[in-house]
J.: 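Can you read through this structure? Questions will come right after.
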Amino acid sequence: MLRKNRLTMAVSAALGMSAAAMLPSVASAQDELLVEEVVVTGSRIQRANLVSASPVTQVDAEEIKFQGTTRVEDLMKNLPQVYSNQNSSSANGATGTATLNLRNLGDARTLVLVNGRRLPAGSPIAGGQGADINQIPAGLIERVEVLTGGASATYGSDAVAGVVNFMMKQDFEGVELDYQFSQYNHDNDNSRIQGIIKDSGFPYPDGSKTDGDIQNWSLIMGGNFDNGRGNVTAYAGYREIDPVTQAARDYSACALGVNIDSCGGSGTSAEGTFLTNPGVFYVDGNQFVPGNKVFNYGPLNHYQRPDERYTGGVFGRYQINEHVETYTELSFMDNQTNAQIAPSGAFGVAFNLNPNNPYLSSQQRNILFGNAADLNEDGTAPITLLRRNVEGGPRNQDIRHTTFRGVFGLRGDINDTWRYDVYGLYSEVSMENTYNNDFSNDKIKNALDAVEVIDPDTGESSIVCQSVIDGSDPNCLPWNVWQTGAVDQGSVDYMELPLYARGTTDQKVFSGYLAGSLGDYGIKMPTAESGVELVVGAEYRKESLNFNPDEGFRLGLGAGQGGATNPVNGSFDVQEFFTEMSIPLVEGAAMAEELTMDLGYRYSDYSTGVTTDTYGVRAGWAVNSDIKFRASYQRAVRAANIRELFLPQGFNLFDMTQDPCTTSPDGDAPTATPAQCQLSGLPADQYNNFVDSFAGQYNFLQGGNTALEPEESDTYSVGFVWSPADIADLSVSVDWYNIEIKQGIATPNPEFILDECLAGNAAQCAKVKRGPLGDLWLGSDVNTSGHVVALLDNLAREEVEGWDVVVDYAVQLGDMGTLSFNNTMSLVTKWDQQEFAGAPTVDCHGMWGSSCGYPTPDFRNNLRATWLTPWDVTASLMWRHIGGSDDMNGNVDIDSYDYLDISAIWNVMDNASVRLGFNNVLDKEPPIVGDGAGPSNNGNGNTFPGMYDALGRYMYIGATLTF
């Protein structure tokens with residue numbers, strides 16, 4: 001069915017394939033006379049020419065073996081173009097998914113495909129709109145193609161930053177059984193940080209630590225039937241990952257402050273922090289002590305979440321006749337993980353204390369009630385309590401995703417000129433989220449309202465809740481936070497509130513196209529031998545999401561949730577028409593062995609009332625067999641997803657070094673003037689006179705917007721591929737790109753809003769709502785708690801510019817085999833963002849923190865050297881370089897980082913191989929930046945595990961058997 005054309009090994013070079021992708025065929029490719037026409041990611045035109053008009057980077061199955069990855073996210077995040085937000089190291093704010101983020105432009109702007117067809121939204125939970133690549137079994141990947149920049153004309157919405165296309169093994173014959181065992185090792189020898197932790201009175205690990213075991217099994221079976229007219233390939237996999245907590249590494253054993261010179265932490269402590277009119281106190285024995293104690297929440301958080309995953313599926317095809325071939329793809333995943341963070345508690349619960357509370361000591365009662373001016377009119381004392389539930393243990397979020405995806409299609413040649421492909425796709429993700437060990441805010445207030453009662457018959461006294469006496473809550477047990485070690489387990493059990501959420505996402509796609517070689521009708525340029533290739537097609541897609549949290553979530557009853565978790569229920573559909581055309585302009589001429597222009601256009605009509613036009617033009621110019629140039633322009637769009645359209649308003653948290661209007665918990669003075677702070681709604685007498693957030697987390701009001709317009713992007717790329725005939729096995733590709741996103745759909749950075757307000761922007765000051773105490777962090781009631789309003793809108797403008805360079809070279813060593821090199825480099829020269837019209841442009845390239853968030857190093861490079869020895873052993877060494885990033889807040893700059901990985905594969909016999917490897921072989925620590933690497937910046941454990949090797953040395957051994 002696929003036409004044969006002239007030899008073009010250079011297709012690999014033009015795509016920027018890794019050396020590992022070419023290694024198995026270096027010898028045989030020299031003798032290859034014909035190649036099949038293929039469909040390259042970014043187009044539906046079949047081609048076997050020398051030029052890919054768009055820059056595509058390819059990773060093949062051998063690279064997976066060399067890196068020893070069982071999680072596909074680990075393979076992808078090492079690519080210089082790829083960033084990782086949600087991954088196995090996420091704890092606070094984890095969705096339980098693994099997502100991809102091209103160019104650091106966001107998960108939702110990266111379109112993920114399997115065999116050229118979409119994956120669904122990974123989860124209905126907040127932050128889960130990116131495709132979950134957990135459902136992709138590493139053992140079944142044949143190659144991964146990464147296309148930079150927009151591709152909406154080919155694939156529709158979401159391909160703003162680019163496309164990642166996982167091409168899976170098909171037409172497999174035989175049986176392949178694979179097992180791998182992996183684990184991490186680190187020598188805890190950071191004496192500086194150990195000294196800081198010791199001075200703070202916290203425990204820390206010392207010496208070598210081996211943990212985080214990962215076991216992965218995979219089975220692939222396949223075979224042809226009916227004389228090769230059909231094939232069925234089936235697979236099954238099992239993966240089990242052990243947890244690692246931050247207590248296991250010295251650099252994460254305490255929550256370091258923003259200057260990484262002291263242990264920070266949370267004011268919601270085991271001793272309690274009591275914010276009262278007379279002052280701030282904590283409890284020691286039964287006495288109030290001025291000030292507060294800090295709770296070290298870090299050690300209990302997961303650094304690697306435990307995970308158990310089952311996968312299975314079938315790929316099949318059958319050629320009914322010369323015109324019709326049926327095909328199907330069925331895949332299933334069940335993935336269960338657990339995200340553990342520090343215990344819950346009273347996170348700023350405001351209540352009025354009765355002077356007759358029997359738990360109060362005389363000293364406490366005198367402090368709280370000694371001055372009538374400090375009391376309410378009814379004689380009660382207003383108190384805001386921050387007290388950690390150390391008795392109840394850590395919070396943990398049990399997250400389970402069950403995913404099914406099915407594709408059924410027909411394809412074939414109508415005649416020698418026309419061919420077709422029509423398919424239907426259905427995907428469904430079912431999510432179960434169970435949140436354990438949280439507290440109920442309402443029950444906390446009930447448990448704090450304790451009274452003493454005397455039994456009239458016995459005269460014995462007992463302490464009970466007022467709600468028991470008045471009958472409003474007969475199950476209440478009082479919570480004694482006024483004395484050290486006096487909390488009763490019964491009161492903990494009473495206040496605990498399990499929370500449940502269930503939800504689904506589903507996707508339906510019906511798509512088809514007709515492709516023809518118009519040269520058969522004589523439609524071609526007079527200067528070309530080949531004719532025009534045409535594709536016309538139509539597609540219908542429907543996306544649905546249902547997120548159904550229980551009453552505790554919806555009403556914000558969970559004390560450790562930071563606000564209400566609102567239900568989301570919505571759907572939209574889109575009808576699309578698309579066309580592509582490839583026009584050979586010149587062939588076989590001097591200085592133009594081939595000159596081709598590709599055109600693409602797509603019209604989309606959304607049920608939300610939005611219509612979009614996307615289009616692109618690409619050109620490829622092969623001067624000769626040595627040098628090829630390429631250039632492209634793409635207009636891409638991304639329509640708002642369901643959560644962006646329909647999410648109800650509610651609180652979320654954002655990270656900030658300190659409130660500029662008060663002294664930080666680290667003792668840093670206010671950074672804003674009294675006059676500036678008054679612009680933000682702070683009364684003059686509260687300037688530097690309120691308690692800042694101990695954990696560096698603040699409230700913001702988020703919410704969807706049904707009036708959102710699609711965001712648009714323009715992508716330009718220019719590059720060349722050099723494969724000199726007189727230097728065997730050398731290819732060099734260099735590509736410049738520029739991606740500009742306009743009217744981007746985004747939540748404005750709350751810290752940026754506050755900064756703009758302090759600078760005198762009245763419109764932004766209207767979005768700053770300070771609480772009664774002057775703060776922006778206490779409480780979770782939208783009507784009474786301090787917060788910043790940051791609702792989704794078409795606000796942002798972002799522009800990313802840079803260079804990608806890929807070099808492949810192989811040296812024949814005679815009797816000693818072949819030594820090959822692959823170098824993949826990404827250079828970022830511009831990463832500008834503008835929060836809204838009229839706001840200043842912020843340069844984020846080579847920066848991290850504040851409005852820039854996650855690090856964007858200006859230079860990343862991977863160099864792999866691989867030796868194909870004559871002894872059935874392939875050895876490989878990889879050098880990974882990550883450029884430095886400066887702190888926008890001026891606290892902790894990140895130096896450049898270098899990692900070395902070594903690996904080897906030994907073909908023990910024809911049907912058995914063993915592999916062994918060490919990544920980060922020198923056990924280099926990640927950059928430690930402290931509090932700035934918070935959840936809202938996709939950090940964890942004082943660093944950014946999605947970019948750096950946070951757990952130390954990664955060791956693996958695996959074996960593959962084939963039959």
J.: Counting N and O atoms only, with roles assigned by atom type, does the side chain of D550 sit under 3.5 Å from a partner on the main chain of Y500, one being a donor and the other an acceptor?
T.: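 Yes; at least one donor-acceptor contact below 3.5 Å.
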J.: Check whether any side-chain heavy atom of Y155 sits under 4.5 Å from a side-chain heavy atom of R117, and report yes or no.
T.: no
J.: Find the distance between CD (E644) and CD1 (I745) and round it off to the nearest 0.5 Å.
T.: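 Going from the CD atom of E644 to the CD1 atom of I745 covers 5.0 Å.
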J.: Calculate, to the nearest 0.5 Å, the distance between atoms CG and CG belonging to L778 and D781 respectively.
T.: 12.5 Å
J.: Given L105 and I739, is the side-chain contact (heavy atoms from CB on, under 4.5 Å) satisfied, shown in steps?
T.: CA-CA 10 Å; L105 288 170; I739 305 172; 4.2 Å; yes
J.: Which word best sums up how the rings of F944 and Y854 line up, parallel for under 30°, tilted for 30 to 60°, or perpendicular for over 60°?
T.: perpendicular
J.: Regarding R103 and E798, does a basic nitrogen lie under 4.0 Å from an acidic carboxylate oxygen?
T.: no
J.: Indicate whether the side chain of T110 and that of N101 have a donor and an acceptor atom separated by less than 3.5 Å.
T.: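 No donor-acceptor contact under 3.5 Å links the two side chains.
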J.: Determine yes or no for a side-chain-to-main-chain donor-acceptor pair under 3.5 angstrom, with R309 supplying the side chain and P137 the backbone.
T.: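 Flag not set: sc R309 to bb P137 has no pair under 3.5 Å.
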J.: Taking atom types as modelled, find out whether T97 and H401 have a side-chain donor-acceptor pair closer than 3.5 angstrom.
T.: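 The criterion, which ignores hydrogens and geometry beyond distance, is not satisfied for H401 and T97.
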J.: Nearest heavy-atom pair of T856 and N104: which atoms, and what distance?
T.: OG1-ND2, 2.8 Å
J.: Check whether more than 12 heavy atoms from other residues, nucleotides or ligands sit under 6.0 Å from atom NZ of K169, and answer yes or no.
T.: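 Enclosed.
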J.: Using only heavy-atom distances, determine whether the side chains of T504 and D506 contain a donor-acceptor pair under 3.5 Å.
T.: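 Their side chains do not contain a donor-acceptor pair, so the 3.5 Å distance test is not met.
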J.: If you take all heavy atoms of V163 and A151, which pair is closest and at what distance?
T.: CG2-CB, 3.7 Å
J.: With a 3.5 Å cut-off and no angle check, do the side chains of D107 and Q129 form a donor-acceptor pair?
T.: no
J.: If I take atom OG1 from residue T95 and atom CD from residue Q397, how far apart are they, to the nearest 0.5 angstrom?
T.: 9.0 Å
J.: Is the side chain of R554 donor-acceptor paired with the backbone N or O of P549 at a distance under 3.5 Å, no angle test?
T.: yes
J.: Could you tell me whether the side chains of N115 and E329 share a donor-acceptor contact shorter than 3.5 Å?
T.: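 Judged by distance alone, the side chains do pair up.
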J.: Please determine whether side-chain contact (heavy atoms from CB on, under 4.5 Å) holds for the pair Y426 and F408, giving the CA-CA distance in whole Å, both sets of side-chain angles, and the decisive distance to 0.1 Å.
T.: CA-CA 9 Å; Y426 177 75; F408 301 91; over 6 Å; no
J.: Looking only at atom types and distance, does a side-chain atom of N548 sit under 3.5 Å from a main-chain N or O of P567, one as donor and one as acceptor?
T.: no
J.: Walk me through whether D438 and S344 qualify under side-chain hydrogen bond (donor to acceptor under 3.5 Å, both in side chains).
T.: CA-CA 5 Å; D438 205 351; S344 185; 2.5 Å; yes
J.: Just by distance, do the side chain of Q833 and the backbone of S851 share a donor-acceptor pair under 3.5 Å?
T.: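 Indeed, once roles are kept as given, a pair shorter than 3.5 Å links the two residues.
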J.: Is any side-chain heavy atom of N794 closer than 4.5 Å to one of L708?
T.: yes
J.: Hey, can you tell me if Y310 and Y238 have their rings parallel, tilted or perpendicular (30° and 60° cut-offs)?
T.: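 Judged by the thresholds at 30° and 60°, the geometry between Y310 and Y238 is tilted.
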J.: So, for D132 and L119, which heavy atoms are closest and what is the spacing to 0.1 Å?
T.: O-CD1, 4.5 Å
J.: How close do D655 and N937 get, counting heavy atoms only, and between which atoms?
T.: OD2-N, 3.9 Å
J.: Parallel under 30°, tilted from 30 to 60°, perpendicular over 60°: which one fits the rings of F572 and Y606?
T.: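 Tilted: the ring planes of F572 and Y606 meet at 30° to 60°.
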J.: Determine whether a donor-acceptor pair (N or O, by modelled atom type, separation under 3.5 Å) exists between the side chain of Q340 and the backbone of L300.
T.: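 Yes.
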J.: Under 3.5 Å, is there a donor-acceptor pair between the Y494 and D473 side chains?
T.: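 Y494 vs D473: donor-acceptor pair found between side chains.
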J.: Are any non-hydrogen side-chain atoms of Q697 and W777 less than 4.5 angstrom apart?
T.: no
J.: Within a strict 4.5 Å, meaning less than it, do heavy atoms of the V422 and F510 side chains meet?
T.: no
J.: Check whether any side-chain heavy atom of R405 lies under 4.5 Å from a side-chain heavy atom of L425, and answer yes or no.
T.: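 Yes, close enough: below the 4.5 Å cut-off.
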J.: Is the side chain of R602 donor-acceptor paired with the backbone N or O of S152 at a distance under 3.5 Å, no angle test?
T.: yes
J.: Test your reading of the model: is there a side-chain donor-acceptor pair from S544 to the backbone of S571, 3.5 Å cut-off?
T.: no
J.: Any chance you could lay out the side-chain contact (heavy atoms from CB on, under 4.5 Å) test for M431 and N433, step after step, and finish with the verdict?
T.: CA-CA 6 Å; M431 184 275 301; N433 177 16; 3.4 Å; yes
J.: Side-chain donor-acceptor pair under 3.5 Å between R239 and T70, yes or no?
T.: no
J.: Under 3.5 Å, is there a donor-acceptor pair linking the side chains of Q246 and N940?
T.: yes
J.: Do P394 and N396 touch side chain to side chain, with heavy atoms closer than 4.5 Å?
T.: no
J.: Any side-chain heavy atom of R118 sitting closer than 4.5 Å to one from S427?
T.: no
J.: Taking all non-hydrogen atoms of both residues into account, name the closest pair between A339 and A94 and its distance.
T.: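 Minimum heavy-atom separation between A339 and A94: CB-CB, 4.0 Å.
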J.: Passes side-chain hydrogen bond (donor to acceptor under 3.5 Å, both in side chains), D605 versus T611? Steps please.
T.: CA-CA 4 Å; D605 185 359; T611 61; over 6 Å; no
J.: Are the side chains of N441 and L557 in contact, using a 4.5 Å heavy-atom criterion?
T.: no
J.: Can you give me the closest heavy-atom contact between G122 and V429, atom names plus distance?
T.: O-CG1, 3.3 Å
J.: For N301 and P299, indicate whether the former's side chain and the latter's backbone hold a donor-acceptor pair under 3.5 Å.
T.: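 Looks like no, no N/O pair under 3.5 Å.
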J.: Between the side chains of R638 and E711, is the shortest nitrogen-to-carboxylate-oxygen separation below 4.0 Å, so that they form an ion pair?
T.: yes
J.: So that I can tick it off, tell me whether R71 and D307 are bridged by a salt bridge, with the cut-off set at under 4.0 angstrom between side-chain N and carboxylate O.
T.: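 Salt bridge absent between D307 and R71.
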J.: In Å, rounded to the nearest 0.5 Å, how long is the span from CD of Q86 to CD of E73?
T.: 10.0 Å
J.: Strictly by modelled atom types, are N652 and Q702 linked by a side-chain donor-acceptor pair under 3.5 Å?
T.: yes
J.: Between V782 and K769, does a side-chain contact (heavy atoms from CB on, under 4.5 Å) hold up when you go through it step by step?
T.: CA-CA 10 Å; V782 173; K769 313 289 185 182; over 6 Å; no
J.: Rounded at 0.5 Å granularity, tell me how far CZ in F553 sits from CG in L497.
T.: 9.0 Å
J.: Decide if atom NZ of K445 counts as having more than 12 heavy atoms of other residues, nucleotides or ligands within a radius under 6.0 Å.
T.: no
J.: In terms of ring plane angle, is the pair F700 and F654 parallel, tilted or perpendicular, where the classes change at 30° and 60°?
T.: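 Correct class here is perpendicular.
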J.: Are any side-chain N or O atoms of E835 and backbone N or O atoms of I753, one a donor and one an acceptor, separated by less than 3.5 Å?
T.: no
J.: Could you grab the distance from atom CG of L647 to atom OG1 of T706, nearest 0.5 Å is fine?
T.: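 It is 12.0 Å, given to the nearest 0.5 Å.
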